[in-house]
Amino acid sequence: MAPFSFENPHICYHCSAIQLHLELKPQILCCFGCMYNGPGRTTDKGEYVCFECARPFSGTSGLDLRYCSTLPYDLSQALTAAESDHCEFYRWVIHRVTRLFKIQETPSGWKSKKAVGILTQRSRFELSGISNEVGRANLEIKFFSHWVDDDGNKHETRHDLGDFDAWDTGDDPSFGLVSSRPYVQDVKSAQSIDFARSSFETCMRSHPWCRTDQINHMTVPRWPGGALSYERIDPRDIPTRLLDIATGPSPGADAEYIKLIETTVDDKDGQLIEQIAQTGFIVLSYCWGGDQNSKLVASNLQTYKTEGIKLGQLDQSLQDAVWVARQIGIRYLWIDALCIPQDDLDGQGNNPDKAHEISRMASYYGRATLTILAASASRAVDGFLQKRQPATDFDMAPTHAQLIVSDNTKTNDDTPDKIQNILLAKQSPSPTIEPITTRGWTLQESLLSRRILIYGVNQLYWSCLNSFAGCGGKITNLTNRTIPGMESLVPGVYPIGSLIDQPVYLQWNSIVKTYTQRFLSQPGDKLWAISALASHIVQVSAHRGEKPIYAAGLLVDEANPGTWLQQLLWYPDSIEGRDNKRPPGGRYRAPSWSWASLDGVVKVPSWRHEMEEYAAVEEWGVEPAVKGAMYGGVSGGYIFLRAVTQPICRIAGRCGDVVWAERLQTEGTGDDDFDWTYSRKGGNLEGAADSWVLVLLADSGEYKSVIEIGLQDPGVGARISLVGLSSLSTGQLVGVRGIIVEQTVDDDELRFCKRRGSFRLKMGKHANGGQDLAAKFFKKGTKQTLRIL
């Protein structure tokens, strides 16, 4: 039998008897402007406002929606429906009951004494849900059991079994009250195209936020007084090259060819630039997944301009992007492979023209009229417009039921109840992994975009700075984004402006962790692939009155020198067996004090300014790999760090326990700088009152071997130092935190250091003198200035 899906839902006489009642009532609201208390009214523009003073009520439809139902079966009947007749709905219900009471999920399990006792009790199931937003209907199911104690007293016990959603069947609209509906599998269908166009046009017409640079949009009124005028792009943000997708080499051949234009070279009278500024341009974000069949190089530039590019010669994702752009109705399209010269002039895929274009990507993606995101395609050859497979990953398979609607919003209205077929379903909580969210370059492309049309694994989505929606799925109405709030319907794809409520350093720390979870085909792209995003974050910081410094991946506020220490205390956050390691081939990519020197997941501690600082960066410098590209790759870098150091052997000998940090726990306490787990052989992890615990975390497996040798060999250990950067205090543990460096000499016999890891030196309870640990470390160590490369 085929697995159940929205297209092939479960239906049987058991679940068909389920009737979900929906009662509509006017919502009673309090206006803080005029203190009116009562229902509001809807304006001609569809806005829900105060009945008296017309002050907008945001985030509500003006209705109270109350869902309720008592299922026709008790527990015994539900068990029969699930086991004998294989009803999917009751199978899920029984599964939840077995988990609740810890009953073995086998036929014999329900013959146990505990199960028989539960079955003999009088019981019932109830569904309920409350919402003031028309659209998504989330329902909770509760189990009630009735029992009598030894004294004859009657009791009722309620148990929450879980929740699921009501979905429209897709072909029989439920009066607009249930907007969740099956995914639209054909992303080229008229329904998908209408969704894309209407979302885009609504945004262009009525979203002032989406016309900003995502830096100061919170100062812009969210809703215009009327329809917005056309959007004009600053000519300075127009790409150097674009594809004219409406022009071919000869009349009648437009659909088969596109043509490359150079916006400044080909603009003889200023009309071309002005036309693009007024009509806009689209950009494509996609995974290369290997080399491409056609790409721009110096030798074919003139051919692409004069003769055009035959669509059939392009990889499928590029052909699909042209098709989508034509459906949207925008003439100009930017695709990196065809608009940035890909000549390899240094053996690493780089050239000055390419470096210049990469430095402008913040403008290209940030000011593009629309971004097409080929989220479902792992490779350019795959394309992203194929018909999607039916969704089959459900905790509770789609099941038929009936919705009975009672509209009590009008007085003296004898309108009869309406009956509608719906589906009940619960999707698997595991999010769908979109291939594009695993690639490094595409992070900044989505974050910088103001409007994104997302071609996902399941269906088509819309995400802009103001709103989001899906062409099917749980949220199909264009829903206003709340800040803070849901970032996107597609995890990892959202405009960076949705993080605007956070301090800049927290935005950057979040970006670093997300970015380092992704993969790069070319390890040398580590800093280049995030350079446009770094440029944007620096602008956000400056706009807030800070004095940002960007140094090879580290974001520092010059007005607060202690922020250097927070950034230097980054650490590997190994997950899913992926160990951090140096770039292959030993090729230089970043100084050792930068997280960009390693491959693997990295976290930067979230604290800032709260703790006493014992070190300072006195001088720093980085050498850009390409002159003027201050946010791109680097060919060198250093810091002069004034700090207290202690040889690792001396501290290890003083400690009652030396342990290695292993897999890090990244969720839970919120104090992520301390969420380290440990591997040790005996010893008290918290530390006795008179004992120290040294916790080590190497930056890579290679560096761990070096540190281990240093712990055993005094000669090597003399070169490895613990550099204290700050005191450590969490709960009742106190101590020191810092980095581990290895000292060596360069070809000119000048001493320098390289970072090899980080450490935490801890002690026991405050009351037992642990507070003195930091003082002992910093007073007995050696204060010196380290040159760290």
Side-chain angles (χ1 to χ4, degrees), residues 509 512 516 526-527 551-556 563-574 579-583 586-605 613-623 634-648 651 660-661 664 673 676 694-711 716-726 736-746 750-761 781-782 784-789:
N509 293 354
V512 168
T516 55
K526 191 75 171 187
L527 288 170
L554 275 58
L555 182 68
V556 177
T563 58
W564 267 109
L565 307 184
Q566 178 222 26
Q567 291 289 297
L568 289 171
L569 283 167
W570 58 265
Y571 56 91
D573 184 22
S574 302
D579 292 328
N580 292 53
K581 57 186 178 181
R582 297 175 64 196
R587 180 180 296 170
Y588 184 87
R589 188 170 67 191
S592 66
W593 44 263
S594 168
W595 53 262
S597 63
L598 298 178
D599 290 328
V601 185
V602 165
K603 287 184 71 176
V604 183
E613 294 146 1
Y614 295 84
V617 173
E618 297 180 329
E619 184 182 334
W620 68 280
V622 294
E623 183 66 30
V634 299
S635 58
Y638 68 90
I639 59 171
F640 282 103
L641 178 66
R642 184 71 175 171
V644 172
T645 68
Q646 293 258 27
I648 194 171
I651 297 297
W660 284 100
L664 303 188
D673 190 27
W676 292 22
L694 178 61
V695 185
L696 305 173
L697 178 58
D699 287 344
S700 70
E702 175 186 350
Y703 297 155
K704 182 177 181 180
S705 299
V706 172
I707 297 170
E708 285 179 327
I709 294 173
L711 290 169
V716 176
R719 301 198 309 267
I720 300 176
S721 299
L722 304 180
V723 182
L725 299 187
S726 175
V736 181
R737 74 177 104 203
I739 59 175
I740 306 170
V741 300
E742 181 182 10
Q743 299 186 34
T744 184
V745 295
D746 61 17
L750 295 175
R751 297 184 65 184
F752 67 91
C753 302
K754 287 193 175 183
R755 173 178 159 143
R756 296 298 184 239
S758 51
F759 75 92
R760 303 290 183 269
L761 184 60
T782 302
Q784 58 180 312
T785 298
L786 304 173
R787 182 168 68 113
I788 307 179
L789 305 183

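Note that the coordinates shown come from a computational prediction; the quantities given were computed from them, not determined experimentally.
- Once rounded to the nearest 0.5 Å, the distance linking OG of Ser594 with CZ of Arg755 reads 9.5 Å.
- Between Leu555 and Val512, every side-chain heavy-atom pair lies at or beyond the 4.5 Å cut-off.
- Side chains of Leu554 and Trp564 form a contact here, defined as non-hydrogen atoms less than 4.5 Å apart.
- Using a cut-off of 4.0 Å between Lys/Arg side-chain N and Asp/Glu carboxylate O, Arg589 and Asp599 are scored as salt-bridged.
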Assess whether side-chain contact (heavy atoms from CB on, under 4.5 Å) is satisfied between Trp620 and Val622, documenting all intermediate values.
CA-CA 7 Å; Trp620 68 280; Val622 294; 4.1 Å; yes
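- Going from atom CG of Leu786 over to atom NZ of Lys754 covers 15.0 Å, rounded to the nearest 0.5 Å.
- Within the 4.5 Å cutoff, no side-chain heavy atoms of Phe640 are placed close to those of Arg642.
- Annotation for Gly724 and Ala643: closest pair O-CB, 3.9 Å, computed over non-hydrogen atoms.
- Note: Leu697 CG to Lys704 NZ = 9.5 Å, rounded to the nearest 0.5 Å.
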Does the side-chain contact (heavy atoms from CB on, under 4.5 Å) test come out yes or no for Tyr638 and Glu623, once each step is laid out?
CA-CA 9 Å; Tyr638 68 90; Glu623 183 66 30; over 6 Å; no
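- Residue Ile651 holds its CD1 atom at 8.0 Å from CZ of Phe759, rounded to the nearest 0.5 Å.
- Between Leu696 and Ile740 the shortest side-chain heavy-atom distance falls below 4.5 Å.
- Under the 3.5 Å distance criterion, the side-chain polar atoms of Thr563 are left unmatched by any main-chain donor or acceptor of Val556.
- The CD1 atom of Ile648 lies 10.0 Å from the CD atom of Glu708; values are rounded to the nearest 0.5 Å.
- Interatomic distance, Leu725 CG to Ser758 OG, rounded to the nearest 0.5 Å: 9.5 Å.
- What you find for Ala615 and Leu641 is that their closest heavy atoms are CB-CD1, 4.3 Å.
- Side-chain contact between Trp570 and Thr516: absent, with no pair of heavy atoms (C-beta onward) separated by less than 4.5 Å.
- Between the side chain of Trp593 and the main chain of Ile788, a donor-acceptor pair closer than 3.5 Å is present.
- Using modelled atom types, one side-chain atom of Gln566 and one backbone atom of Pro605 make a donor-acceptor pair closer than 3.5 Å.
- Side-chain atoms of Gln784 and Thr645, non-hydrogen and from C-beta on, do get closer than 4.5 Å to each other.
- Closest of all the heavy-atom pairs between Pro572 and Ala698 is CG-O, 3.7 Å.
- What you find for Ile720 and Val706 is that their closest heavy atoms are CD1-O, 3.5 Å.
- Between Tyr588 and Leu789 the shortest side-chain heavy-atom distance does not fall below 4.5 Å.
- Here the closest heavy-atom approach between residue Ala552 and residue Ala596 is recorded as O-CB, 4.2 Å.
- Checking each of Glu742, Gln646, Gln743 against Ser721 for a side chain to side chain donor-acceptor pair (under 3.5 Å) leaves exactly one that passes, namely Gln743.
- In this structure, Val736 and Leu722 have side chains that are not in contact, with every pair of non-hydrogen atoms separated by 4.5 Å or more.
- Residue Ala590 comes nearest to Leu527 through the heavy atom pair CB-CD1, 4.4 Å, listed as atom of the first residue, atom of the second, then distance.
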